[in-house]
Amino acid sequence: MTSFKSDFLNVLSERGFIHQCTDAEALDTLASAGPITGYIGYDATASSLHAGHLVQIMLLYWLQKTGNKPIVLMGGGTTKVGDPTFKDTQRPLLTDEQIQSNMNGIKSVFNSFLTFGDGATDAIMVNNDDWLSGFGYIEFLRTFGTHFTINRMLTFDSVKLRLEREQPMTFLEFNYMLMQAVDFRELNSTYNCVLQMGGSDQWGNIVNGVELTRRLNQKAAFGLTTPLLTTASGAKMGKTVGGAVWLNADALSPYDYWQYWRNTEDADVGKFMRLFTDLPMDEIRRLEALQGAEINEAKKILADAATRLVHGEAAAATARDTAQKAFEQGVLSADLPTVEVARAELEAGIMLAALTTKIGLTQSNGEARRLAQGGGLRVNDTAITDGNQAVTLADLNADGVIKVAQGKKKIVLVKPV
RNA sequence: GGGGGAAUGUCCCGAGCGGCAAAGGGGGCGGACUGUAAAUCCGCUGCGUAAGCUUCGCAGGUUCGAGUCCUGCUUCCCCCA
């Protein structure tokens, strides 16, 4: 397990990406002999991917970095069915328009990680709707249905757990694993793709694809999954304050993204650097060994590197600079999240609670008042305990803005226009 | 087709003799302590400045008053056929 012949598996192994692999030795042999093609599928259930998908994206990143060809499979077809894996209830079905719009949102992220093109190791993006939607029902059943037994399908955790919990699973959802298997076989036929990767929850689905490909195409096919990621204190990765840690800049600003990584728990620093950055291993080993307050330096480097991969060098530098000024020097930076408010409103005086709700720090005036009472709201660094207090133009600071903070980490600048 | 059970605070689990804005958890948020960490302790967690308003699958009914009783409907689970 420690030493492979191929760069690809060596990197994945030492960085902690590998949870299960259908046949690591054979895959290693194949990968060391020349470029291989591998893929990961992403269903279009939201308009942006989030930090939970990041591990998988990094798999493709390293696949390409080590001289192989990545395929990004957009699940335009599979999303129409909905992956039932480890969900208790069926998700609402999305319309074709929603799916299309979500796919458009998701696509852009990959440009930051992968090089697309026509070259041997250039990444390509395909949509499984292209082949899945073309099948006739009888045709599909006769071609693929004969290779799956219900007996076996019922043993997969994705199905078994749902049944054990006495939750209904529709026939529609039950077919999802067949479609995913067909994807692999299709990519194998068309692009000579030999590897499917994914999260550990996808193991069952992946194995099905591997077997179908072997059976129908008589070619080698492999599956590899990543471990389920949690933080050291057991929380799921990728969820935080305002929801998910989105990768698209319009869903979550680079500054907030940087902050997410900056707030990593001590115990996770090394693990996260291995998984979510391209920092060299020596440096990671040095940084994760830092003790006490010094590890904060490592967290900044982690945040820099992670942000750089998604949003680029410039955005990462700005985010770091902004954070540094706000937290370490107590200086305001114009790059903090800024919300414009009509000058007239401030002139008349606006209730603090109403203001925080307006700028999105709180969801209702009541919530803002309670927050204020607990000392969680600050205007220009002064805690205001009365949410009814008015905020006016008189509160503008020297830079012509009002600094409103919820807690210590969420800061918004209010600018009159 | 017959019989039995279940749906609760727009995150989850989950109590709830007819007087309840509704127990208790988890999660989340805020405060204290720190290192923008973890752990711990404390507070908040339907809307409204307020009077008050709107919540317990849906629609009706009984009652001064219903999450709680009655009727119908929807969805789900279990048993029998």
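In what follows, chains carry the letters A, B, and so on, assigned in the order in which the sequence lines appear, proteins first and then strands, with residues in each chain numbered from 1.
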Checklist entry - Ion pair present between A/Glu211 and A/Arg152, side-chain N to carboxylate O less than 4.0 angstrom? => result yes
Next on the checklist: I need the CZ-P distance between A/Arg369 and B/G43, as an integer number of Å.
Outcome noted: 22 Å
Checklist entry - If you measure only the distance, is there a donor-acceptor pair under 3.5 Å linking the side chains of A/Asn205 and A/Gln202? => result yes
Checklist entry - Whole-Å distance between B/U36 P and A/Gln259 CD? => result 11 Å
Checklist entry - With the threshold set at 4.0 Å, does a side-chain nitrogen-carboxylate oxygen contact exist between A/Arg274 and A/Glu14? => result no
Checklist entry - Under the rule syn = chi within 90° of 0, otherwise anti, which is B/C13? => result anti
Checklist outcome for this item: Winner on side-chain proximity to A/Lys410, out of B/U36, B/G35, B/G30, is B/G30
Next on the checklist: When the P atoms of B/G48 and B/G61 are compared, how many Å lie between them, rounded to an integer?
Outcome noted: 31 Å
Next on the checklist: For a quick test of reading the model: is some side-chain N or O of A/Lys409 closer than 4.0 Å to OP1 or OP2 of B/A37?
Outcome noted: yes
Item to check | Mate of B/C69 where both pairing distances stay under 3.5 Å, Watson-Crick or G-U | outcome: B/G61
Checklist entry - Are a donor atom and an acceptor atom from the side chains of A/Ser47 and A/Asn102 found within less than 3.5 Å of each other? => result no
Checklist entry - Is a salt bridge present between A/Lys300 and A/Glu297, judged by a nitrogen-to-oxygen distance below 4.0 Å? => result yes
Item to check | Whole-Å gap separating P (B/A38) and CG (A/Asn263) | outcome: 8 Å
Checklist entry - Pick the nucleotide of RNA chain B nearest each of A/Gly374 and A/Arg370; which residue has the one closer to the 5' end? => result A/Gly374
Checklist entry - Paired with B/U40 by Watson-Crick or G-U wobble geometry, both distances under 3.5 Å: which nucleotide is it? => result B/A32
Next on the checklist: Rounding to an integer number of angstrom, what distance separates B/G57 and B/U10 when you compare their C1' atoms?
Outcome noted: 13 Å
Next on the checklist: Taking B/A22 as the reference, what is the distance to B/C70 when you measure between their P atoms (whole Å, please)?
Outcome noted: 25 Å
Item to check | Interatomic distance at C1', B/C20 relative to B/C53, whole Å | outcome: 16 Å
Item to check | Separation of the P atoms in B/C69 and B/A7, to the nearest angstrom | outcome: 11 Å
Checklist outcome for this item: pair_partner(B/A15), Watson-Crick or wobble, both distances < 3.5 Å, evaluates to none
Checklist entry - Can the ring centres of A/Phe135 and A/Phe144 be said to be less than 6.0 Å apart? => result yes
Checklist entry - Mind checking whether A/Trp261 and A/Phe276 have ring centres under 6.0 Å apart? => result yes
Item to check | A/Asp266 side-chain proximity, nearest of B/U49, B/G35, B/U36 | outcome: B/G35
Checklist entry - Which pairs count as salt bridge (charged side-chain N to carboxylate O under 4.0 Å, His left out) when at least one residue sits in residues 381-398 of chain A, sequence neighbours excluded? => result A/Asp381-A/Lys403
Next on the checklist: Please report the distance, rounded to the nearest Å, between CD1 in A/Ile384 and C1' in B/G31.
Outcome noted: 16 Å
Checklist entry - In whole Å, what is the span from the CG atom of A/Asn365 to the P atom of B/C53? => result 20 Å
Item to check | Flag for A/Asn263-A/Lys299: side-chain donor and acceptor within less than 3.5 Å | outcome: no
Checklist entry - Once you round it to whole Å, what is the distance between P of B/C29 and CG of A/Leu371? => result 11 Å
Checklist entry - Which base, if any, makes a Watson-Crick or G-U wobble pair with B/C53, both distances under 3.5 Å? => result B/G46
Next on the checklist: Taking the P atom in each of B/A6 and B/U71, what is the distance between them to the nearest angstrom?
Outcome noted: 14 Å
Next on the checklist: Using the C1' atom as the point on both nucleotides, what is the distance between B/A38 and B/C33, in whole Å?
Outcome noted: 12 Å
Checklist entry - Between atom CG in A/Leu377 and atom C1' in B/C44, what is the gap in whole Å? => result 12 Å
Next on the checklist: Can you check the distance between B/G14 and B/C56, where both ends of the measurement are the C1' atom (answer in whole Å)?
Outcome noted: 13 Å
Checklist entry - Which comes earlier along RNA chain B counting from the 5' end, the contact point of A/Gly292 or that of A/Gly376, where each point is its nearest nucleotide? => result A/Gly376
Next on the checklist: Output the rounded distance in Å from CG (A/Leu355) to P (B/U49).
Outcome noted: 14 Å
Checklist entry - Counting only side-chain N and O atoms of A/Ser364, is one of them less than 4.0 Å from OP1 or OP2 of B/C47? => result yes
Checklist entry - A/Ala323 near the nucleic acid: base, sugar-phosphate alone, or nothing, with a heavy-atom cut-off under 4.0 Å? => result base
Checklist entry - Looking at B/U36, does its base get a donor-acceptor pair with the side chain of A/Glu328 below 3.5 Å? => result no
Checklist entry - According to the Watson-Crick and G-U wobble definitions, with both distances under 3.5 Å, which nucleotide is paired to B/U75? => result B/A6
Checklist entry - What nucleotide, of B/A37, B/C29, B/G35, holds the atom closest to the side chain of A/Ala293? => result B/G35
Item to check | Distance flag, aromatic centroids of A/Tyr42 and A/Phe110, threshold under 6.0 Å | outcome: yes
At a cut-off of 3.5 Å, list every protein nitrogen or oxygen paired with a nitrogen or oxygen from nucleotides 32-34 of chain B, distance to 0.1 Å.
residue: B/A32; atom: OP2; partner: A/Lys408; partner atom: NZ; Å: 2.5

